[in-house]
Amino acid sequence: MTPEAHKHLSSRDPVMRLLIREHGLCELEPEMRRSPFQSLVMAVAHQQLNGTAANTILARFKKLFPGRRFPRPEDLAGVTDEEIRAAGFSFAKIKAIRDIAEKTLSGVVPSPREIVRLSDDEIVSRLTEVRGVGRWTVEMLLIFQLGRHDVLPAHDFGVRTGFGHAYKRRKLPEPKEILAHGEIWRPHRTTAAWFLWRAADALKKKK
């Protein structure tokens, strides 16, 4: 993210100032080359699984489409549910992936060229129409694919854990508390979320 983000957070929030001193500058680098279709399929793969298991399933899934770095939405018509199931996806996730493909082809899921012109709220509204895609999934796309600067995924467990640890809460804070506090971080809430994830990681290492 930007030097302005670090300066803003440090001047507005003494706890953020300490987190920046402890963890250094934000190293978030969005993966701009992914299409919204690819990002959503990958997000569905990672739901309720650790990263290693999800990446193994995705590698098997991609092998169903030889010659492609990642399948296109129209390629899904050439494989059966049973083949995708053999790669490791549950039938619920298969339905979600097929819906992502269908809604990409119909234009509900925007193209890479279109999505950069949409606001965060417009993207959330469009993508949450897709089966199996909730607000959290779209927020991850906004942060890690599009590099949007002012996204605060307050329902994310890591963000909540990091906030609780950094701000010395006795119990896991509710999303509404994080959103209320996060008003002082605008327009750099993505960078603030990154530091809350680092705080959560630091807590994990202490245990």
Side-chain angles (χ1 to χ4, degrees), residues 1-6 8-9 12 26-48 51 54 58 61-62 65 68-77 89 92-160 175-176 178-197:
M1 289 298 164
T2 63
E4 289 81 9
H6 299 104
H8 175 84
L9 294 173
R12 298 297 301 275
C26 176
E27 297 173 350
L28 180 59
E29 291 287 344
E31 182 50 79
M32 309 279 297
R33 292 175 298 174
R34 289 180 191 156
S35 68
F37 169 74
Q38 181 179 349
S39 290
L40 291 176
V41 171
M42 293 179 69
V44 166
H46 280 82
Q47 287 171 357
Q48 299 171 321
L58 282 166
F61 174 70
K62 287 187 280 188
F65 308 91
R68 296 240 179 254
R69 190 174 63 85
F70 199 86
R72 300 171 303 178
E74 55 266 35
D75 295 332
L76 270 289
F89 282 108
K93 288 188 177 184
I94 292 168
K95 287 181 180 178
I97 290 168
R98 291 211 181 273
D99 197 46
I100 294 166
E102 288 170 14
K103 284 190 168 65
T104 300
L105 293 171
S106 70
V108 174
V109 175
S111 67
R113 187 175 296 178
E114 183 188 6
I115 200 168
V116 297
R117 300 196 299 266
L118 298 176
S119 71
D120 293 356
D121 287 341
E122 287 171 325
I123 294 169
V124 170
S125 177
R126 292 265 290 269
L127 297 189
T128 50
E129 291 183 38
V130 179
R131 182 188 188 108
V133 175
R135 186 179 183 90
W136 177 87
T137 299
V138 183
E139 287 171 338
M140 295 304 104
L141 180 147
L142 290 169
I143 292 171
F144 293 106
Q145 182 200 328
L146 298 177
R148 296 293 173 96
H149 290 262
D150 198 34
V151 181
L152 179 55
H155 288 81
D156 181 87
F157 183 74
V159 166
R160 294 174 68 193
K176 62 182 180 181
I178 298 170
L179 287 170
H181 184 91
E183 288 299 308
I184 65 172
W185 301 332
R186 286 182 183 272
H188 300 290
R189 292 183 297 168
T190 299
T191 302
W194 188 88
F195 282 107
L196 295 179
W197 279 320

Original post:
Partners of Phe65 by ring pair (Phe, Tyr, Trp, His ring centres under 6.0 Å), sequence neighbours excluded?
Top reply: Phe61

**OP:** Decide yes or no for Asp75 and Arg72: does some side-chain heavy atom of the first lie under 4.5 Å from some side-chain heavy atom of the second?
**Re:** yes

Subject >> Pairs satisfying salt bridge (Lys or Arg N to Asp or Glu O under 4.0 Å), at least one member in residues 110-120, at least two apart >> reply: Glu114-Arg126, Asp120-Arg148

Original post:
Between Thr137 and Val130, does a side-chain contact (heavy atoms from CB on, under 4.5 Å) hold up when you go through it step by step?
Top reply: CA-CA 11 Å; Thr137 299; Val130 179; over 6 Å; no

**OP:** Over all heavy atoms of both residues, which pair between Leu9 and Ala192 is shortest? Give the atoms and the distance, please.
**Re:** CD1-N, 3.8 Å

**OP:** Examine distances only and state if a side-chain atom of Lys93 and a backbone atom of Gln47 form a donor-acceptor pair shorter than 3.5 Å.
**Re:** yes

Original post:
Which heavy-atom pair separates Val44 from Gly132 by the least distance, and what is that distance?
Top reply: CG2-O, 4.5 Å

Original post:
Are any of the side-chain heavy atoms of Pro110 and Leu127 separated by less than 4.5 Å?
Top reply: yes

Subject >> Sequence neighbours excluded, every pair satisfying salt bridge (Lys or Arg N to Asp or Glu O under 4.0 Å) that has a member inside residues 32-48 >> reply: Glu31-Arg33

**OP:** Please name all residues satisfying ring pair (Phe, Tyr, Trp, His ring centres under 6.0 Å) with Trp194, sequence neighbours left out, ordered by chain then number.
**Re:** none

**OP:** With sequence neighbours excluded, tell me which residues meet salt bridge (Lys or Arg N to Asp or Glu O under 4.0 Å) with Lys103.
**Re:** Asp99

Original post:
Should His155 and Arg135 be marked as a side-chain contact (heavy atoms from CB on, under 4.5 Å) after you check the CA-CA gap, both sets of side-chain angles, and the distance that decides it?
Top reply: CA-CA 9 Å; His155 288 81; Arg135 186 179 183 90; 5.7 Å; no

Original post:
Ignoring hydrogens and geometry, is there a side-chain-to-backbone donor-acceptor pair from His149 to Thr191 under 3.5 Å?
Top reply: no

Subject >> Closest non-hydrogen atom pair, Pro187 against Asp150 >> reply: C-OD1, 3.2 Å

Subject >> Partners passing ring pair (Phe, Tyr, Trp, His ring centres under 6.0 Å) against His181 (at least two apart in sequence or in another chain) >> reply: Phe163, Tyr167, Trp185

**OP:** Say whether, by atom type as modelled, one donor and one acceptor occur between the side chain of Thr104 and the main chain of Ile100 under 3.5 angstrom.
**Re:** yes

Subject >> Working for side-chain contact (heavy atoms from CB on, under 4.5 Å), residues Met42 and Met140 >> reply: CA-CA 11 Å; Met42 293 179 69; Met140 295 304 104; over 6 Å; no

Subject >> Gln48, CD atom: more than 12 neighbouring heavy atoms under 6.0 Å >> reply: no

Original post:
Are any of the side-chain heavy atoms of Leu146 and Val151 separated by less than 4.5 Å?
Top reply: no

Original post:
Hey, what do you get for CZ (Arg189) to CD (Glu183), rounding to the nearest 0.5 Å?
Top reply: 6.0 Å

**OP:** Considering non-hydrogen atoms only, spot the tightest contact between Ala77 and Arg98 and give its length.
**Re:** N-NH1, 4.5 Å

**OP:** Starting at CD of Glu139, measure out to CG of Leu141 and round the result to the nearest 0.5 Å.
**Re:** 11.0 Å

Subject >> Minimum side-chain heavy-atom gap Phe37-Leu76 below 4.5 Å >> reply: yes

**OP:** Kindly compute the distance separating OG1 (Thr190) from CG (Leu152), expressed to the nearest 0.5 Å.
**Re:** 8.0 Å

Original post:
At what distance, to the nearest 0.5 angstrom, does CD of Glu129 lie from OG of Ser106?
Top reply: 9.0 Å

Original post:
Do Arg131 and Glu102 come close enough that some side-chain heavy atom pair is under 4.5 Å?
Top reply: no

Subject >> Chi angles and distances behind the side-chain contact (heavy atoms from CB on, under 4.5 Å) call for Arg12, His8 >> reply: CA-CA 6 Å; Arg12 298 297 301 275; His8 175 84; 3.6 Å; yes

Original post:
If you take all heavy atoms of Lys62 and Arg69, which pair is closest and at what distance?
Top reply: CD-O, 3.2 Å

**OP:** Locate the shortest heavy-atom distance separating Cys26 from His6; write the atom from each residue and the value.
**Re:** N-NE2, 2.9 Å

